[in-house]
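Read through the structure below, which is laid out as structure tokens, and then see the notes.
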Amino acid sequence: MEVNEKIAVDHGLKKDEFKKICSLLKRIPNITELGIFSAMWNEHCSYKSSRKHLKNLHTKGKKVIQGPGENAGVIDIGDDDAIVFKIESHNHPSFIEPYQGAATGVGGIMRDVFTMGARPIANLNSIHFGSPQHKKTKNLLRGVVKGIGGYGNCIGVPTIAGQTSFDESYNGNILVNAMTLGLVNKKKIFYSKAAGVNKPVIYVGSKTGRDGIHGASMASAIFDDKIEEKKPTVQVGDPFTEKLLLEACLELMADNSIIAIQDMGAAGLTSSSVEMASKGKLGIELDLSKVPCREEKMTPYEIMLSESQERMLIVLENGKENSAKKIFDKWNLDFAVIGRTTNTKKIEINFNNKKVADLPLDLLSENAPMYDRKWKKNKLPQKIKFKKQNFKSLKLSDCLKKLLKHPNICDKQWIWEQYDHTVMGDTIQKPGGDAGVVRVHGTEKAIAASVDSSAQYSYAHPLSGGKQVVCESWRNLISVGAEPVAITNCLNFGNPEKEENMGEFVECVQGITEASKYLDYPVVSGNVSFYNETKDKGIKPTPSIGGVGLIKNYKKMINMNLKKQGNLILVIGKTEGHLDQSTFAREILSEKKGPPPEINLFNEKNNGLTVSKLIKDNLIESCHDVSLGGVLVAASKMCIKSNKGIKINNLKNLINKFEYFFSEDQGRYLIEIKKDNLSKVKKILMDNSVHFDDLGVVNDDKFLFSDEINLSIDDLSMVYKGWLKKYMVN
Amino acid sequence: MKIKVIVTLKNGVLDPQGKAIQQTLNGMGFESIKEVRQGKYFDIEVNENEETKAKSKVEDMCKKLLANLVIEDFKII
Amino acid sequence: MKIKVIVTLKNGVLDPQGKAIQQTLNGMGFESIKEVRQGKYFDIEVNENEETKAKSKVEDMCKKLLANLVIEDFKII
Amino acid sequence: MKSSVIIFPGSNCDRDMDVALKKFGFNNKMVWHNDTALPKSDLIVLPGGFSYGDYLRCGSIAGKSKIINSVIDYAKSGGLVLGICNGFQILTETGLLPGVLQQNKYLEFICKNVHVKINDTKNKYFKNIKKEILELHIAHNEGNYFCSNDELKLIEDNNQIAVTYCDKDGTCNNNSNPNGALKNIAGIFNQNKNILGMMPHPERMIDKYLSGEDGSIFFENLIGNLN
Ligand SMILES: Nc1ncnc2c1ncn2[C@@H]1O[C@H](COP(=O)(O)OP(=O)(O)O)[C@@H](O)[C@H]1O
Ligand SMILES: [Mg+2]
């Protein structure tokens with residue numbers, strides 16, 4: 001087939017990009033080469049719209065072993081242990097086929113982690129659906145949850161936390177972000193940079209089929225009415241093979257025969273071979289006739305672009321082929337030597353003794369386009385003047401119940417009970433708390449992790465939104481007694497070619513950067529997903545932050561379950577009464593405008609570190625950060641989880657009670673302390689200039705506030721736990 | 001009236017189950033088995049006397065629920 | 001040669017999947033659906049030219065692996 | 001006491017089981033499914049997981065593995081064989097235990113704590129056990145026990161029902177049945193009660209920082225009975 005501009009455009013390349021290719025190459029590429037270019041130059045692989053801004057992220061820190069740029073980030077957790085982690089999106093495939101899309105998303109991120117030599121020890125996910133009333137939502141939710149569980153459960157890695165939200169902006173474009181954490185010996189980390197000439201290039205794992213050809217370019221395409229035609233590109237996950245691949249790779253890694261290893265993710269063999277060779281400043285030669293194929297008559301083009309799952313590419317030391325092959329034979333996986341490294345700085349591809357592609361590597365990676373796209377700044381919206389007399393008709397207990405059953409606040413047990421969260425025998429905090437916690441097997445250490453995002457805040461003001469998610473993530477880790485160490489981010493945005501969407505992206509990244517710098521909470525890995533829009537309507541900007549923290553002694557972990565009647569509850573951090581963009585304002589007052597709560601990084605850090613200190617000093621019995629819904633919702637969740645009540649004190653000369661109870665001011669926590677410790681705790685708080693309020697006292701089984709709230713915990717619990725189950729069963 | 005439906009994976013779509021079954025059969029001594037593809041089968045009792053009507057109803061159901069047309073085909077037998 | 005096999009649950013064995021599908025179909029407006037029973041279907045490629053031989057091989061496989069005779073019946077079609 | 005845990009491709013609770021057995025004093029060995037001989041053992045464990053991806057039927061393909069014949073011989077000679085979750089499924093698929101494990105009634109994977117009542121203590125597993133009701137953890141998609149009426153009668157007449165799902169006070173009814181299992185059956189014995197298959201995972205409940213500690217009671221008691 002003669003390649004021309006039209007074919008290039010059908011491959012997702014822009015006309016001037018095609019011109020650039022031809023002029024760089026000084027010829028017209030053949031179809032296989034065009035396929036390779038289209039894969040490498042699309043947004044998903046080249047980060048052409050985002051690279052400029054991602055450079056500004058804060059990526060350095062004392063504990064960072066590997067920042068962005070590898071398959072996953074790596075942090076040092078002491079002794080010889082390191083944690084490898086990353087989050088990745090699988091949005092478009094999951095919308096087309098929720099089960100397989102979500103399943104292969106989980107499979108893909110796990111491969112990113114074990115490629116580096118780490119055994120996965122925990123999975124997390126952040127999933128976002130359209131309005132519950134939308135006709136597709138229920139099936140998408142069911143399929144995605146089954147897919148995530150289907151894959152993770154089968155591999156035997158616990159899913160320990162996550163986040164689920166609903167918003168109509170996801171009606172035609174759901175988000176599925178999957179995160180994995182792995183444990184590795186810091187001296188045995190594997191990278192994707194090839195080294196040495198004439199080293200064998202090995203293909204292992206499943207056979208190659210025609211699945212997912214052009215998956216990467218699809219991930220960077222806008223959905224339109226023709227989406228149905230794109231359906232056949234969906235890949236099917238095979239978690240069983242992945243489990244074998246995991247064990248086989250770890251077995252091979254125990255011995256010193258791997259020079260470089262890279263999973264075949266988006267753009268399959270193309271991006272893995274190009275990346276390994278270009279990182280090593282080498283060339284690579286492949287013979288595609290040697291690639292194990294599942295289907296007959298596959299063309300070089302198809303082999304290079306297939307996104308069949310559960311495959312890896314390895315550059316091996318010379319002479320290690322046989323011993324490596326034995327391991328893969330034992331695990332019943334394909335193993336083939338398909339090429340070698342060269343010093344040509346080119347990728348040369350042969351098929352049936354004919355050269356079918358010959359491209360300089362720098363054109364594919366370094367010379368890939370990088371755009372400085374136009375972007376629009378977002379003004380901070382005007383603050384809303386809420387009329388207090390409007391509150392008069394509201395009853396506190398009705399408001400509380402309404403918030404507790406709100407889809408974005410209510411209990412997500414229906415979801416996480418379908419995930420195996422206890423396999424591997426080290427889960428000490430399961431989903432449903434502020435962060436999931438797993439022990440580092442056989443040690444006193446534990447790792448806490450959470451994923452957070454806030455599309456509402458980010459949409460209202462991207463800069464604040466970016467800061468807020470980082471802070472919320474940090475808070476969730478502090479709340480379980482962990483020291484927050486680093487984050488991974490998945491940036492889900494609309495169309496970067498539109499100034500508004502690009503502006504949202506740029507400013508969210510700025511916000512993330514500011515907060516992570518201030519909190520010394522660096523970004524070590526991440527992923528960008530653009531073009532999340534359907535029929536011209538973009539999603540709300542949704543940066544998901546996956547935070548990872550260290551607990552030096554797992555016995556010091558705490559949770560949000562109230563411990564004892566008579567203990568006191570304090571609110572840490574000042575409640576200013578910021579209602580704009582709160583769930584209360586949006587859902588009960590139907591006021592969707594206004595700025596998100598302000599982020600005061602000084603207070604955030606000071607409050608967090610002080611809570612941390614109190615936890616270290618064994619002065620806190622339970623702790624929960626205040627997030628969506630405000631103080632009353634947070635207090636209710638503590639009650640529901642522990643089946644105990646709280647009697648809230650009468651508020652003396654405070655701000656308006658609706659503002660106090662439902663505002664979503666940041667940097668706040670609820671802590672439970674023993675009466676005897678009150679003076680010690682107060683002293684530490686005052687010494688550190690941390691604002692606090694006495695909220696109330698733990699009681700047996702009632703949620704009480706003066707004569708306005710008198711609810712049994714069973715009532716609260718039914719409201720909180722009822723919505724999702726009912727929604728899914730009906 | 002009973003209508004029977006077979007749902008199979010489209011050609012080219014990976015069938016991990018079929019593959020595992022085939023390998024097991026080979027391992028059990030059934031060496032002549034070259035490929036196994038697994039599908040689903042449904043026996044559907046429709047309250048309807050006319051065959052064409054029943055079948056067209058089932059076809060509709062297949063499209064809407066029983067088969068995932070993204071990766072599967074169906075056949076009413 | 002291709003041999004096709006259907007494996008179904010024995011009468012009286014509970015079929016939770018079939019039941020759920022039936023209820024879903026009813027809920028979707030297919031009220032005339034009285035019962036759904038789900039089974040498995042296999043397409044088996046046997047390296048064998050004689051049909052009777054191929055079928056007898058497959059029958060053996062069904063008994064040994066493809067069907068769990070405690071709860072399932074099989075039919076070669 | 002010597003134990004062996006069999007690893008099938010796709011097993012994923014093998015390490016957890018190894019950790020638990022060792023913690024309570026077993027000298028445990030891991031055995032690969034392609035081996036043919038078993039090490040000398042006082043207990044063989046088929047662990048949980050997704051052997052062969054749960055493809056075809058859970059446990060069916062593992063039931064054809066090389067090692068399984070030795071396990072069958074060992075069991076038939078009276079040796080103790082314990083199958084947890086997928087191990088239970090494998091035991092029914094090989095015919096060592098009666099019945100089958102079908103998909104959960106509500107068609108969803110379930111991972112949570114449940115209570116189970118011990119129904120028979122005249123066996124090596126539960127003799128002397130200090131609690132009648134244990135809080136254990138389940139994590140499965142196919143734990144819905146089923147057998148024919150005739151078989152059920154045999155099982156009941158011979159006290160082969162080992163454990164049943166119940167609430168924390170020991171009541172067995174629909175509300176305390178997480179997966180639709182016949183008669184709330186969570187685990188059963190063979191006739192001689194040397195083979196036990198059960199869905200709950202005691203190995204996930206072996207210290208107080210985990211979802212609970214009742215698994216410890218199970219293992220302590222078991223090794224105590226063997227000593
Ligand atoms: N998709 C999911 N997977 C696993 N756990 C989830 C998922 N969605 C929510 N959860 C769990 O439910 C709990 C509540 O989530 P969320 O409301 O986001 O908590 P918070 O406000 O404390 O961040 C968390 O413990 C979270 O881990
Ligand atoms: Mg929280």
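Every chain is numbered from 1 and lettered A, B, ... according to where its sequence line falls, protein lines coming before strand lines.
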Inset, instruction - I would like to know whether C:Phe42 and D:Leu56 meet side chain to side chain contact (heavy atoms under 4.5 Å, CB included); could you show each step before the answer? - result: CA-CA 10 Å; C:Phe42 300 94; D:Leu56 189 59; 3.4 Å; yes
Considering only heavy atoms, which portion of [X] lies under 4.5 Å from any heavy atom of chain D: side chain, backbone, both, or neither?
{"X": "C:Ile71", "value": "side chain"}
{"X": "C:Leu14", "value": "both"}
{"X": "C:Val13", "value": "both"}

Inset, instruction - Can you sort out the partners of C:Cys62 under side-chain contact (heavy atoms from CB on, under 4.5 Å), two or more places apart, ordered by chain and number? - result: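 Applying side-chain contact (heavy atoms from CB on, under 4.5 Å) to C:Cys62 gives C:Val5, C:Val58, C:Leu66, C:Phe74.
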For chain D against chain C, print all donor and acceptor atom pairs separated by less than 3.5 Å.
from	atom 1	to	atom 2	distance (Å)
D:Leu56	O	C:Lys40	NZ	3.2
D:Arg57	NH1	C:Leu65	O	3.2
D:Arg57	NH1	C:Leu66	O	2.9
D:Arg57	NH2	C:Leu65	O	2.9
D:Lys64	NZ	C:Lys64	O	2.8
D:Glu93	OE2	C:Asn68	ND2	3.3
D:Gln102	NE2	C:Leu14	O	2.9
D:Gln103	OE1	C:Gln17	NE2	2.8

Legend entry - Engaged part of D:Leu107 at the chain C interface, taking heavy atoms whose separation is under 4.5 Å: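 Just its side chain gets close to chain C.
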